[in-house]
Every structure is written in C-alpha cells, then in structure tokens.
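Atom set for the values below is all heavy atoms of this structure, side chains included, hydrogens, waters and symmetry mates excluded.
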Amino acid sequence: MAQQFLTGTFSDGSRTGPTLPQRIILAEGWTRRAIAFAAGAVGALALAPVDFAPAMFVTMSVSAWLVDGAAAARGESGGAFLAASMRRAAGAGWWLGFGYFLAGLWWLGAAMLVEPDQFAWALPLAVIGAPAVLALFPALGFALSRALWSAGSARIFALAAGLGASEFLRGHIFTGFPWNDFGMALAAVPLIDQAAALVGLHGLDILAVILFAAPATLVDGRRRLTPAIAAALVLALGLAGFGALRLASGKTEYVEGVKLRLMQPDLPQDAKFKPENGPAILRRYLELSDRAVAPGRSGVADATHLIWPESAFPFILSRDPEALALIAATMRGATLVTGAARAEEDPRRDNGKRRTKIFNSILAIEGGRIVAAYDKMHLVPFGEYLPLAGLLAPLGVTQLVPGTWDEGTGPRRLVAPGLPPAAPLVCYEAIFPGEAVEPAGARPQWLLNVTNDGWFGATSGPYQHFAQARLRAIEEGLPLVRVANTGISAVVDPHGRVLDRLPLGVDGVIDARLPRPADPPPFAVHPFRWTSTLWFFTIIFALIGRFRGLAGLTAHRADA
C-alpha cells in the first residue's frame with residue numbers, strides 16, 4: 001500500500017483526516033473482526049435471489065484493506081514478519097468467510113426442521129457450524145494472498161490468486177462443496193456471465209476478485225484511475241463484448257418432434273417419504289401431469305415426454321407393478337422420465353446375507369417398463385450418507401434421508417426413447433463445474449437436472465441451486481431442463497437464457513420444446529485449461545508487483 005496513504009500525507013505536504021479505508025486497515029481486535037464479518041455478510045447480497053452484484057465491491061475492497069492491515073504486526077522482521085502477517089490475514093479471512101457463509105447458507109437450518117423431533121438438535125451445526133468450517137477456505141486464501149502481497153495495484157492480483165486457489169480447493173477436497181463461490185456474483189450479471197463458457201465457475205472466482213477489489217486501490221493516492229481500475233475496466237468491457245457476441249450469434253433452435261411436459265408438484269417435504277401416502281402421491285402426479293394449461297389442450301396427449309422431479313415416490317417404483325401399470329395407462333403413449341429410488345441385488349454377500357443396493361436414480365419408463373436408468377454418483381454428505389460414520393454414528397448422528405444409499409457407477413449418459421442423449425444430474429450433482437459431462441464418450445445433447453429442494457422451504461437455497469445449474473448450461477454449451485419438486489423448474493438454452501420457468505412454491509406444468517446444443521465452448525472442450533491459465537497469469541502479475549516492491553524497498557534502504 002502507498003506510504004502516503006498510511007501516513008495521511010501526500011507528496012505536496014497536505015494531510016488528510018483518517019478515512020474509512022484507513023480505519024479498516026489500522027483496525028485491531030474485535031473491531032477488525034466485526035468489520036470482516038460485516039463485509040462478508042454484505043457479499044451474500046450478490047447471490048441469488050437478491051443478485052445485487054455491486055454488494056461484492058464492498059466485500060472484495062474491504063478484503064484488500066484487511067490484508068493490507070495484516071502488515072500492522074510489530075516487532076518482527078524477515079520470515080517472522082511474513083508468518084505473523086499471514087496469520088493476521090488468515091484471521092481476517094476467517095471472519096469474512098464466516099459472515100459470508102452465515103448470510104448465504106443460513107437456509108441449511110430449514111432441513112433440520114423438516115423432522116424437528118429427530119434433527120432440531122443439529123440446527124446450530126447447520127446454521128453456524130457449517131459456515132465456521134467453510135470459512136477456513138477464505139482464511140487460507142487471505143494467507144496465500146498475503147504471501148504474494150505488495151504495494152500498489154498488483155496486490156489485487158495477489159488477492160485474486162489466493163482466493164481463486166482456496167475456492168478451487170473448496171470445490172474439490174472432501175468431495176467438494178462449490179456452493180456460493182465468489183464467482184457466482186458474476187453469474188447473474190448480463191453478458192459477463194458468458195465468461196463461464198471460457199473459464200467456468202472457478203475462473204469466474206478469479207475474475208470476480210479482480211473486478212470487485214479494484215476500487216480498493218482508489219485510496220492509494222490522488223489518482224482517479226489506478227492501474228488496477230484501468231485493468232478492471234478493460235477486463236469488464238472485454239468480457240461484456242465477448243458475451244454480447246456469443247449471445248448475438250447463439251440463436252435458440254429446437255429438436256424436432258420432442259414436446260416436453262415438466263411437472264412440479266410442490267409436495268410438502270414432511271409428507272414426501274411416508275410410504276402410506278404413496279398411492280395418493282402418484283395420483284396427484286398423474287392428475288397434475290394431465291392438467292390442461294391452455295384452451296383446447298388436453299394435457300398428456302400433447303406431450304411426447306413427461307419429466308418428474310427427484311425422489312418422486314416414497315416407495316421402490318420398480319417393485320410396484322400396479323404403479324407402473326397405472327403410469328402406462330395414463331401416459332397415453334408418452335415416455336416418462338422421473339426421479340425414483342432404484343433397487344438392485346448386490347451379488348456380494350454381507351455376513352452371509354445378500355444385500356440390496358438402493359440408488360437415487362433417474363428412470364425412463366415406456367409402456368410400463370423401465371427402459372433406461374441413471375444412478376446418482378455424487379451423494380450429499382449428511383443428507384444421503386454420513387461422513388466419518390465410524391466416529392459420528394456412535395454419537396447418535398444420522399443422515400437426513402433414511403436408509404443406506406449407494407453410489408452409482410455410470411454411465412453418465414441417459415438415453416431415453418425419442419430423446420437425444422442427456423447428461424443426467426440428480427440434485428446436488430448440478431453444482432460441480434467440469435463434472436456435468438463425462439470426460440470420455442460421445443457428447444450429450446442436453447442437461448437433465450431433477451431435484452427436490454423441498455428440504456429448504458421458501459428460502460434462498462432453491463434460488464442459489466437453480467443459479468448454479470443454469471451456469472452449467474453456459475459452461476457446457478448445453479440446454480438445461482430442470483424439474484424440481486417445489487421449484488424452481490425451468491428450461492434454459494445453451495447460452496443460459498431462461499426460456500420458461502415455474503416459480504418456487506407453486507404446482508404446475510411447463511410445456512416446452514427441447515433446445516438444441518451449441519457448439520462446445522472452450523470450457524466444455526478443456527474444462528480447466530483456461531481456468532488454470534488465468535490463475536497462472538494472475539500469480540505472475542502478483543509476483544511482478546511483489547518483486548518490484550521488494551526491489552524498491554531495497555533501493556530505498558540503500559539510499560538511506
């Protein structure tokens with residue numbers, strides 16, 4: 001940071017009073033922690049459903065000033081000073097991350113209240129414990145940033161490199177949780193969201209830090225246009241120009257002969273998994289699927305394919321011939337694609353007994369027969385399986401969804417009669433960039449996401465989930481068909497344009513055509529090549545600034 005800002009003195013000898021940025025940089029103790037926490041919480045306003053992207057200017061500018069302030073450690077030099085300043089930066093990063101995740105993920109507690117007699121005790125762990133653990137990643141990002149820190153505009157690239165690395169790690173280690181990445185602030189910004197086709201979500205993380213932290217350099221001196229501001233403006237204009245060209249050249253086209261009907265039942269979660277309600281639930285689905293939505297239309301008869309949400313039945317559909325027969329009679333020749341639990345006998349034996357494997361699946365049903373299936377491969381921790389079960393189970397900790405769920409093994413494509421090959425995504429699987437499409441094999445023609453966000457009620461969770469699924473369409477250049485129990489169900493074209501949708505908390509159907517895919521964008525061809533390239537150059541710019549700063553400091557000491 002510029003010396004004149006630290007002292008409040010400029011080259012012409014004039015002095016200024018303490019400014020807000022200066023107060024933030026020099027803050028200590030609980031004042032510093034409170035500033036970090038509040039700045040993180042403000043950043044959550046950039047996420048769905050608010051989508052107020054300018055809020056991230058506050059979060060990232062304050063982040064830069066907090067890392068600036070980490071240099072306020074006294075009494076150390078050399079390696080000891082670097083270690084001390086990295087610890088101070090990590091502390092500020094944890095508090096900022098805690099505020100960000102607490103404000104952005106508070107809705108996790110809603111799942112604990114679906115069956116409060118069993119899970120209300122876990123409410124503090126979901127609402128406070130999860131954000132506290134996730135905040136370790138921004139803490140790491142701040143520490144890495146401080147190791148690359150320098151005076152002037154280059155420190156913005158250090159912050160982008162550090163937080164970009166920590167967000168990538170959060171998305172991959174311990175099965176990964178890339179939910180509400182900082183880059184999601186750009187996902188709802190028109191035109192700039194198309195950058196996901198180049199660098200994906202983790203590239204947006206880096207770009208978001210550069211763009212939103214650049215104003216922090218305005219306090220470095222009296223210049224109105226710092227190098228960081230200039231670079232951010234050029235970057236924003238370039239990304240907007242790319243987005244405009246991509247959207248202008250990407251006309252939405254449709255697959256001939258396919259008429260989809262998406263059914264959103266808005267079934268309360270507390271009734272969802274009660275087997276005694278199975279027949280009534282199935283009748284509701286069939287009646288809703290046959291609903292006429294316009295004069296002269298007759299429901300199912302107008303559709304070639306019906307799509308129902310995740311875990312549609314509180315029973316094993318493949319073991320219920322009466323339910324399959326009723327579906328066949330009602331479909332009138334249409335094919336049903338639905339979420340459902342699937343059972344399969346395991347040829348291996350457990351203590352001499354044959355075990356039945358249960359999968360969270362997507363099934364294609366034609367004429368009352370299951371003709372294709374996909375089994376969920378990425379299960380939800382604490383939802384569908386219990387991490388560290390040997391340690392936690394004896395303490396009485398259980399998963400939210402009862403039963404033992406098994407991981408699928410592929411293939412990652414679902415080929416239903418009369419439809420192009422789809423990349424199936426069950427619920428949580430839609431949040432992982434670079435994993436929506438299997439790396440080998442023929443390219444699918446669309447993304448199919450069935451989900452049940454009823455666990456989270458009328459909170460921001462379902463909106464955030466939809467925003468992330470929509471970003472997968474941009475990254476892969478594939479249309480997205482999303483069917484959710486309580487919402488948000490939608491049809492999205494391969495450029496991320498929402499063609500039709502049902503809002504959260506209503507029942508209804510969407511009649512839609514299936515969009516055709518776009519040509520594979522760079523991210524779809526090489527998922528992380530351009531992301532890693534962007535991160536590499538970000539580090540290079542940060543190191544150039546750091547070495548220049550060290551060289552200048554050495555020269556200053558020599559002159560002294």
With side chains defined as the heavy atoms from C-beta onward, is the minimum distance between [X] and [Y] less than 4.5 Å?
| X | Y | result |
| --- | --- | --- |
| L514 | P420 | yes |
| L191 | L247 | yes |
| L47 | S460 | no |
| L471 | P433 | no |
| F98 | F37 | yes |
| L534 | T538 | yes |
| M263 | L306 | no |
| Y254 | P479 | no |

Exercise: identify the closest heavy-atom pair between [X] and [Y]:
| X | Y | result |
| --- | --- | --- |
| E476 | P521 | O-CD, 3.5 Å |
| P527 | A524 | CD-O, 4.4 Å |
| A165 | L144 | CB-CD1, 4.2 Å |
| L504 | G457 | CD2-O, 4.0 Å |
| P309 | A484 | CB-C, 3.7 Å |
| A216 | W65 | O-NE1, 3.2 Å |

Partner residues of [X] under the side-chain hydrogen bond (donor to acceptor under 3.5 Å, both in side chains) criterion, sequence neighbours left out:
| X | result |
| --- | --- |
| D406 | R355 |
| T531 | none |
| W308 | S289 |
| W106 | none |

**Study point:** All ring-ring contact (aromatic ring centres under 6.0 Å, His included) counterparts of F168, not counting sequence neighbours
**Key:** H172, H202, F528
Exercise for review: Kindly write out the residues that satisfy ring-ring contact (aromatic ring centres under 6.0 Å, His included) with W107, not counting sequence neighbours, or none if the list is empty.
Suggested key: W179, F456
Not counting sequence neighbours, list each pair that qualifies as a salt bridge (Lys or Arg N to Asp or Glu O under 4.0 Å) and has a residue in [range].
| range | result |
| --- | --- |
| residues 118-142 | none |
| residues 479-495 | D453-R482, D493-R497 |
| residues 36-61 | none |

Point to revise | Of P494, P517, P515, the residue whose pairing with Q445 passes side-chain contact (heavy atoms from CB on, under 4.5 Å) | key: P517
Indicate yes or no for a side-chain donor-acceptor contact from [X] to the backbone of [Y] under 3.5 Å, with no hydrogens or angles considered.
| X | Y | answer |
| --- | --- | --- |
| Q264 | S489 | yes |
| Y285 | F313 | no |
| E475 | A436 | no |
| S361 | A341 | no |
| S61 | V58 | no |
| R472 | A430 | yes |

Going from [atom1] on [X] to [atom2] on [Y], what distance comes out if it is rounded to the nearest 0.5 angstrom?
| X | Y | atom1 | atom2 | value |
| --- | --- | --- | --- | --- |
| L448 | R413 | CG | CZ | 14.0 Å |
| L204 | D181 | CG | CG | 9.0 Å |
| I510 | L262 | CD1 | CG | 5.5 Å |
| L66 | W95 | CG | CH2 | 13.0 Å |
| H305 | M331 | NE2 | CE | 12.0 Å |
| D507 | R284 | CG | CZ | 5.0 Å |

Exercise for review: Step by step, work out the side-chain contact (heavy atoms from CB on, under 4.5 Å) result for M56 and L211.
Suggested key: CA-CA 9 Å; M56 196 58 74; L211 293 174; over 6 Å; no
Review point. Run the side-chain contact (heavy atoms from CB on, under 4.5 Å) check on R412 and L425 step by step: do they pass?
Key: CA-CA 9 Å; R412 285 300 302 264; L425 302 167; 3.4 Å; yes
All N/O donor-acceptor pairs, side-chain side in residues 124-139, below 3.5 Å, sequence neighbours left out:
none

Do any side-chain atoms of residues 192-201 form donor-acceptor pairs under 3.5 angstrom with protein atoms, and if so which ones, sequence neighbours left out?
unit_1	atom_1	unit_2	atom_2	d
D193	OD2	R470	NH2	2.6
Q194	OE1	R246	NH1	2.5
Q194	NE2	H495	O	2.8

Practice item. Please assess I362 against V426 for the test side-chain contact (heavy atoms from CB on, under 4.5 Å), listing each intermediate value before the final yes or no. Key: CA-CA 8 Å; I362 301 177; V426 179; 3.7 Å; yes
**Study point:** Pair K259-D302, salt bridge (charged side-chain N to carboxylate O under 4.0 Å, His left out): steps then yes or no
**Key:** CA-CA 7 Å; K259 297 180 180 180; D302 291 317; 6.0 Å; no
Point to revise | All salt bridge (Lys or Arg N to Asp or Glu O under 4.0 Å) counterparts of E429, not counting sequence neighbours | key: none
Exercise for review: Could you walk me through whether L260 and L419 pass the side-chain contact (heavy atoms from CB on, under 4.5 Å) test, one step at a time?
Suggested key: CA-CA 10 Å; L260 303 177; L419 286 173; 4.1 Å; yes
